[in-house]
Asker: 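Sharing a structure below in structure tokens format, with a few things to ask.
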Amino acid sequence: MNLKHQQTFALNHFHGITQTHHHPTPSTLPMMLKGKIKLPEKARRAFPDVLGSLVAGFDEKDEENGGFPDRVVGEELETFEPNGLASDREIDEYGRDDEEKYPEGELVREKHEKDVGVLVSVEEIIAKDEKRSDLEYELSQEEINLEKLQRIASLGLPDGGSVRATAWKLLLGYLPASRDLWEKELGENRSKYAKLKEDLLLSPSEFSRRNNDGPDLNEQCVDMGVEGPLERQKVSNEDHPLNNGKASVWHQFFQFSEIAEQIDRDLQRTHPDMKFFSGESSLSRKKREAMRNILLLFAKLNPEIRYVQGMNEVLAPLYYVFSTDTDEQNAAHAEADSFSCFVRLLSDSVDHFCQHLDNSAVGIHSTLARLSELLKANDEELWRHLEYTTKVNPQFYAFRWITLLLTQEFDFPSVLRIWDTLLSNPFGVQEMLLRVCCAMLLCVKSRLLSGDFIANLKLLQHFPITNIEHILRVANDISPDMSSFLLPL
């Protein structure tokens, strides 16, 4: 296959699989170390890659190992083969590890079903416990220092509890810095969401019933004891199911019913190996219904964008984190909170979903060009090899990375960790996202330099299992892209 045919193949694969455009229309340590050290809970759940895995032979991505030795910043990251450090884990419904007990003074080995583990030193446990304490102290202040919170959260937030959920809401601007205003702001936003659902997600028949000013004639007859034939109520032209006018509530209902069906299909495919999202229990169906409401409501409020396949993947981490908040009241309002934060998260990247803006300054092509320039500024050799030697353009692999915020490139716990850093960036999610994408390329540099068009395309479309902390360290060392300065969310 010559290069021209290879590129044609890549474009077809890109448009057929990765394109998401829409036209405008673990555990607690029971033996206390020195009386006060606890090992925090960890969310451990492998994220299935629906496109398969290069390392695993395109069938399914192996689960990422629980941890890796530290590496020198700037050193190229090794990848791990499936028979190496990858492992399976037992998890509960929310993706958490079972609790294990460890004797005092010993190194803690994280649980792996295949008896392959990673040693976690007591020092690491102490460091994590201290970080959780710092975060809990900061979040308990009457006035939250957002700059300090950003610095701490960028290094990773602890799993379990309420810390991540609260921190994300603050970082996204959903919660104000003053704790005194939290109850008021949450109450108002949750009420607004309930009103939006009532106004926009009702069926036409229910809508008509609620908006019928006159009394129901049949009820009048029964109330007055009048016998005789009941008359059919009058239906206005706007409320008639056969009315195709744009103002007709039935026309709008049928128009969005197709979108609702697409959302339902996509939600069935959202993390199918995670019990939190999958299954046919009443709880699982309730979670999918909540996510469906959010996505459908977003579509109705944004008619130029509506729903684009992949938005379900962007919503999933938010809804998971807010639903597993140990504060029961907050967890009960996860749907409303997720909607507001979903809107805020997409605020600086929503134009990537509009095809008619592709070639504009805010379009996806402009963002891909910024990624290319960022790579060139940090490693011109690699940039030249990809752009000119193998002609693997960013649109072949980075389109999905950017539009879906890396949710399909790594397992679910890794995505949560990456998002801690993305949401903590004072210059906005997109600026840090481009640096992480650039770091991903730098971390597989030797493999890319030795690969041809097909090999590199497969590698980048099925990114290998890697050390996430190393990628994030490399990203932090990359010179920021200041060509498009973005204010914080």
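Just so it is clear, the structure is predicted and the values come from calculations on it, not from any experiment. One-based numbering along the sequence shown.
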Asker: Quick check for you: to the nearest 0.5 Å, what is the distance between Phe399 atom CZ and Leu371 atom CG?
Answerer: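 These two atoms lie 13.5 Å from each other.
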Asker: Let me confirm one number: the CD1-CG distance from Ile152 to Asp134, rounded to the nearest 0.5 Å.
Answerer: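 Ile152 atom CD1 to Asp134 atom CG measures 5.5 Å (nearest 0.5 Å).
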Asker: Between Leu460 and Leu441, is there a side-chain heavy-atom distance shorter than 4.5 Å?
Answerer: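 Side chain of Leu441 against side chain of Leu460, heavy atoms only: contact under 4.5 Å found.
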Asker: Parallel, tilted or perpendicular: which one describes the rings of Phe277 and His271, with boundaries at 30° and 60°?
Answerer: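 The arrangement is tilted - the two ring planes meet at 30° to 60°.
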Asker: For Ser372 and Glu387: C-alpha separation, side-chain torsions, deciding distance, then whether side chain to side chain donor-acceptor pair (under 3.5 Å) applies.
Answerer: CA-CA 9 Å; Ser372 180; Glu387 292 281 344; 3.0 Å; yes
Asker: Do the side chains of Leu442 and Leu375 get nearer than 4.5 Å, heavy atoms only?
Answerer: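 Yes. Closest side-chain heavy atoms under 4.5 Å.
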Asker: Supply the atom-to-atom distance Leu201 CG to Arg292 CZ, rounded to the nearest 0.5 angstrom.
Answerer: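 One gets 8.5 Å once the value is rounded to the nearest 0.5 Å.
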Asker: So that I can tick it off, tell me whether Glu280 and Arg288 are bridged by a salt bridge, with the cut-off set at under 4.0 angstrom between side-chain N and carboxylate O.
Answerer: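 A salt bridge is present here (some side-chain N lies under 4.0 Å from a carboxylate O).
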Asker: Hey, could you give me the CD1/CE distance between Ile305 and Met311, rounded to the nearest 0.5 Å?
Answerer: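 Taking CD1 in Ile305 and CE in Met311, the distance rounds to 6.0 Å.
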Asker: Got Cys437 and Leu406 here, is their nearest side-chain heavy-atom distance under 4.5 Å?
Answerer: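 When only atoms from C-beta onward are counted, Leu406 and Cys437 do touch, with a gap below 4.5 Å.
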Asker: Taking side chain as C-beta onward, heavy atoms only, is Leu301 less than 4.5 Å from Leu196?
Answerer: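 Heavy-atom side-chain distance check passes, below 4.5 Å.
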Asker: Under the side chain to side chain donor-acceptor pair (under 3.5 Å) rule, what do Tyr193 and Asp337 come out as? Steps first, then yes or no, please.
Answerer: CA-CA 9 Å; Tyr193 179 73; Asp337 295 347; over 6 Å; no
Asker: Arg132 side chain to Val163 main-chain N or O, any donor-acceptor pair under 3.5 Å?
Answerer: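 No; judged by distance alone, with no hydrogens or angles, the pair does not exist.
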Asker: Which value, rounded to the nearest 0.5 Å, describes the distance between Arg473 atom CZ and Cys443 atom SG?
Answerer: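 Going from CZ on Arg473 over to SG on Cys443, the span is 9.5 Å.
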Asker: With a distance cut-off below 6.0 Å to the six-membered ring centre and an angular limit of 45° from the axis, does Lys192 pair with Phe339 as a cation-pi contact?
Answerer: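 Here Lys192 fails the 6.0 Å and 45° test against Phe339.
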Asker: Over 60° means perpendicular and under 30° means parallel, so tell me whether Trp401 and Phe463 are parallel, tilted or perpendicular.
Answerer: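 Aromatic pair Trp401/Phe463 classed perpendicular.
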Asker: Given the ring of Phe276, does Lys287 sit roughly above its face, with NZ or CZ under 6.0 Å from the centre of the six-membered ring and within 45° of the axis?
Answerer: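 Yes, Lys287 and Phe276 form such a contact.
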Asker: Taking all heavy atoms of Leu434 and all of Leu374, pick out the closest pair and write down the distance.
Answerer: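 The pair with the smallest heavy-atom distance is O-CD2, 3.6 Å.
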Asker: Considering non-hydrogen atoms only, spot the tightest contact between Ala439 and Ile471 and give its length.
Answerer: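 Where Ala439 meets Ile471 most closely, the heavy atoms are CB-O, 3.5 Å.
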Asker: Give the C-alpha distance, both sets of side-chain angles, the deciding distance and a yes or no for side chain to side chain donor-acceptor pair (under 3.5 Å) between Arg265 and Gln268.
Answerer: CA-CA 5 Å; Arg265 289 193 294 268; Gln268 289 288 344; over 6 Å; no
Asker: To the closest 0.5 Å, what do you measure between CG (Leu345) and CG (Leu171)?
Answerer: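 Separation between the atoms: 11.5 Å.
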Asker: Decide yes or no for Leu315 and Thr270: does some side-chain heavy atom of the first lie under 4.5 Å from some side-chain heavy atom of the second?
Answerer: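 A side-chain contact is absent here, since even the closest heavy-atom pair is not under 4.5 Å.
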